[in-house]
There are 2 protein chains.
Amino acid sequence: MKRNKLNIYKIAEIAGVSKSTVSRVINDKAGVGDKTRKKVLEIIKDLNYQPNSFARGLANNKTKTIGLVVSDITDPFFSGFIKGVEAKAMEDNYNIMLANSHWVVEEELKCVKMFQEGRVDGVLIISGARDGLDVYLNDLSAKNTPVLLIDRKTDNGSIPKINVDNFSGAYMGVKYLLDLGHKKVACIKGDDVASSGASVDRVLGYKKALNDFGINNEIIVPGYFEVEDAYKATHNLLEEQKDITAIFYLSDMMAIGGLKAIRERGLKVPDDISVLGCDDIELASLINPPLTTLRQPRYEMGYKGMGALISILEETNKRINHKDISFNMELVIRESTKKVNIVD
Amino acid sequence: MKRNKLNIYKIAEIAGVSKSTVSRVINDKAGVGDKTRKKVLEIIKDLNYQPNSFARGLANNKTKTIGLVVSDITDPFFSGFIKGVEAKAMEDNYNIMLANSHWVVEEELKCVKMFQEGRVDGVLIISGARDGLDVYLNDLSAKNTPVLLIDRKTDNGSIPKINVDNFSGAYMGVKYLLDLGHKKVACIKGDDVASSGASVDRVLGYKKALNDFGINNEIIVPGYFEVEDAYKATHNLLEEQKDITAIFYLSDMMAIGGLKAIRERGLKVPDDISVLGCDDIELASLINPPLTTLRQPRYEMGYKGMGALISILEETNKRINHKDISFNMELVIRESTKKVNIVD
DNA sequence: TATAAGATTGGGAGCGCTCCCTAAAGTGGA
DNA sequence: TCCACTTTAGGGAGCGCTCCCAATCTTATA
């Protein structure tokens, strides 16, 4: 029956059983005799039959795919997360639907809408909008599309989150700089309204470290997490304050921009000035000089995040409370930092 | 009728019309009165109704999603393509299903299988396997899942492809080096079995340029498109042949590895040695020194590729022959190359 | 005013699958 | 051998949508 297409009926017909039996076999359910199961399995394999996921999705309202929203896929900072997410997805046979939000909330919303129409089981959002107001997240999670946030904050406590301890990380990094003898340490911060809150927390860590060392000379300049802005900020900063001996960039990409400016001013890293980055993107170790930085375990965070989302999706009792997970940063010492020169 | 879920029946009920009419409105089809259409549209908007894409997919066998297979999402080389693909997809309301093949054919196949089960309308493959044998592509395209290849070759002439003219690009780059007066130019090639054929074609361009300049001293060493391999290769090369004045790396990432080795040997770029990269990844302009390289218009290629795939998917007569598209490389001159020192 | 042509609308069937309920077949103990 | 119970299998309904065809309502034309 049913034309000549390869569907469950066709398999059933060939195997001489009913579609129900085939369905049971496909879904590995009990209630099928061994011989029958084996025969059906064989036919499925021979014909290279793939059940139609739309019909499946329609029938049981599950899709085995999750939506992944990322601010900028081109940014090496993100790809680390994605790789982790992707690995876990592959492992558990989930598909990933990808969308780019270009850092703006409206686009984020658009992506999410698209996903809902595309019926994903859940949504994973990594970092995200620069410009606040993500109230739509509440709607989303209320509408029982499970959401999980990586590297992002919200007020909504019921949305599970995976974050890194930015405060402690920054503290550790700046303390390291101060231990090296630096007295005048500048901080090129990111974007205070960024939804991850990373910039704010790291700045806090920076301040705490200075404070603990009895230094009250805070030099904080915005770099907006952009190479270009950090480049300019560095030029300005060094123009105005010649005695800075170390700069803490709140992202490696910004540090790369800063390095360029420092170079252009005829200064040497780390001899004249020490540079500390943040994130440990692949490139950090490849540039000249290799960057000392605070590693953020992005692959692990992505992997764990996807795992957590899957477990939420697959558990029957969705009411279980998922604890947020926090990772620690790790100081990776390379060649862009050294003991301060004993001058005066 | 039909429980309380928000579906086409519900909308129809509220609007006091039939589901058929609602369907027509949703799909923007003719045959609906203006008042009716307006009323339905309003209700849809008020209730924030999203048609279920599975039901749609089931009913008309279209999904508005494409599968994207990429070798390594973490590699900055790929993200440029992806961004272009993504932009075009968003524009035309297509979803992207992402998968990582980690350079191996088996994983590629696995991704594609997953996609088929996930019922994508078509598949876009960017570059891909290092290890030949992609006969499965024939099956795929025979099974009328349209496939489009970016930066990749196959024997199957019926699969549309988007490529860059690697031969001419490399020729142009090496000619530029030779015009600068370099006589001993080495080439760190990629991977000859890579499915893109990029390495092979670029090497050909390199050879042709040398030949045209009457130089028969070809120095070709494999770097396998890996930072680490290129790093080692460069060390070996410079150890053995001290008089090399320029090196052409067949990828920017390899050039970055090479730069590190050159630095470690106490050589200066571009004073002692000129370095030419290939691809023009974002980082090329940010490193020290900014890299002279051959730009590959990845964003455009991705965008065009997605566009071509969509047009294949949406045209009724799938038999139309799609011509392959070829892009040109562009020489981007920065600071890693200069005129050869007049020594002897 | 009648009537054909056209614009609207409604309803049924079907897309391929899962779930539920019932029927048939098999199993074992008295 | 019979009955109660378990295992295995089949069929119908439904998931939410689109497509096709027939029914109804308009409108224009003679």
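Chain A is the first sequence line, chain B the second, and so forth, proteins listed ahead of strands; every chain is numbered from 1.
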Review point. Among dT18(C), dT18(D), dC17(D), which nucleotide sits nearest the side chain of Asn60(B)?
Key: dT18(D)
Exercise for review: Please state whether the phosphate of dC17(D), meaning OP1 or OP2, lies under 4.0 angstrom from any side-chain nitrogen or oxygen of Tyr49(B).
Suggested key: yes
Exercise for review: To the nearest Å, give me how far apart NZ (Lys38(A)) and C1' (dT8(D)) are.
Suggested key: 18 Å
Revision key, fill the gap. Here the distance between atom P of dC17(C) and atom CD1 of Ile8(A), to the nearest Å, is 5 Å
**Study point:** Whole-Å distance separating the CG atom of Asn52(B) from the C1' atom of dG16(D)
**Key:** 6 Å
Exercise for review: For Asn27(B), answer base if it contacts any base atom (sugar-phosphate contacts may also be present), sugar-phosphate if it contacts only those atoms, and nothing otherwise; contact means non-hydrogen atoms under 4.0 Å.
Suggested key: sugar-phosphate
Practice item. Answer yes or no: is there an ion pair linking Glu108(B) with Arg152(B), defined by an N-O contact shorter than 4.0 Å? Key: yes
Exercise for review: Under the salt bridge (Lys or Arg N to Asp or Glu O under 4.0 Å) rule, collect the residues that match up with Lys83(B), sequence neighbours excluded.
Suggested key: Asp72(A)
Check your understanding: With sequence neighbours left out, what residues match Ser196(B) under side chain to side chain donor-acceptor pair (under 3.5 Å)?
Key -> none
Exercise for review: Just jot down the ring-ring contact (aromatic ring centres under 6.0 Å, His included) partners of Tyr94(B), sequence neighbours excluded, or say none.
Suggested key: none
Review point. How would you list, by chain and number, every residue that makes a salt bridge (Lys or Arg N to Asp or Glu O under 4.0 Å) with Lys64(A), sequence neighbours excluded?
Key: Glu314(A)
Check your understanding: Does the side chain of Pro160(A) reach to within under 4.5 Å of the side chain of Leu149(A), using non-hydrogen atoms?
Key -> no
Practice item. May I ask you to decide whether Lys88(A) forms a salt bridge with Glu91(A), counting only side-chain N to carboxylate O separations under 4.0 Å? Key: yes
Check your understanding: Does dC19(D) have OP1 or OP2 sitting under 4.0 Å from an N or O in the side chain of Lys29(B)?
Key -> yes
Point to revise | Heavy-atom pair of closest approach, residues Thr36(B) and Thr21(B) | key: CG2-CG2, 3.9 Å
Point to revise | Interatomic distance where CD1 belongs to Ile11(A) and C1' belongs to dA9(D) [whole Å] | key: 18 Å
Identify all pairs in which a protein N or O lies below 3.5 Å from an N or O of nucleotides 5-9 of chain C, and state each distance.
residue, atom, partner, partner atom, Å
dT9(C), OP1, Thr36(B), OG1, 2.7
dT9(C), OP2, Gly33(B), N, 2.7
dT9(C), OP2, Thr36(B), OG1, 3.3

**Study point:** Between dC17(D) (C1') and Asn61(A) (CG): distance, integer Å
**Key:** 14 Å
Check your understanding: How many Å lie between NZ on Lys39(A) and P on dT8(D), as a whole number?
Key -> 14 Å
Review point. Does a side-chain N-to-carboxylate-O contact under 4.0 Å join Asp34(A) and Lys38(A)?
Key: no
Check your understanding: When the distance from CG of Asn7(A) to P of dT18(C) is rounded to whole Å, what number comes out?
Key -> 12 Å
Exercise for review: Find the distance Ile44(B):CD1 to dG16(D):P and express it as a whole number of Å.
Suggested key: 16 Å
Practice item. Go through dG14(D), dC19(D), dG16(D) for me and flag the one nearest to the Lys19(B) side chain. Key: dC19(D)
Could you go through nucleotides 4-6 of chain D and list every protein N or O atom that sits under 3.5 Å from one of its N or O atoms, giving the distance for each pair?
none

Check your understanding: Checking only heavy atoms, does the side chain of Lys10(B) share a donor-acceptor pair with the base of dG16(D) at less than 3.5 Å?
Key -> no
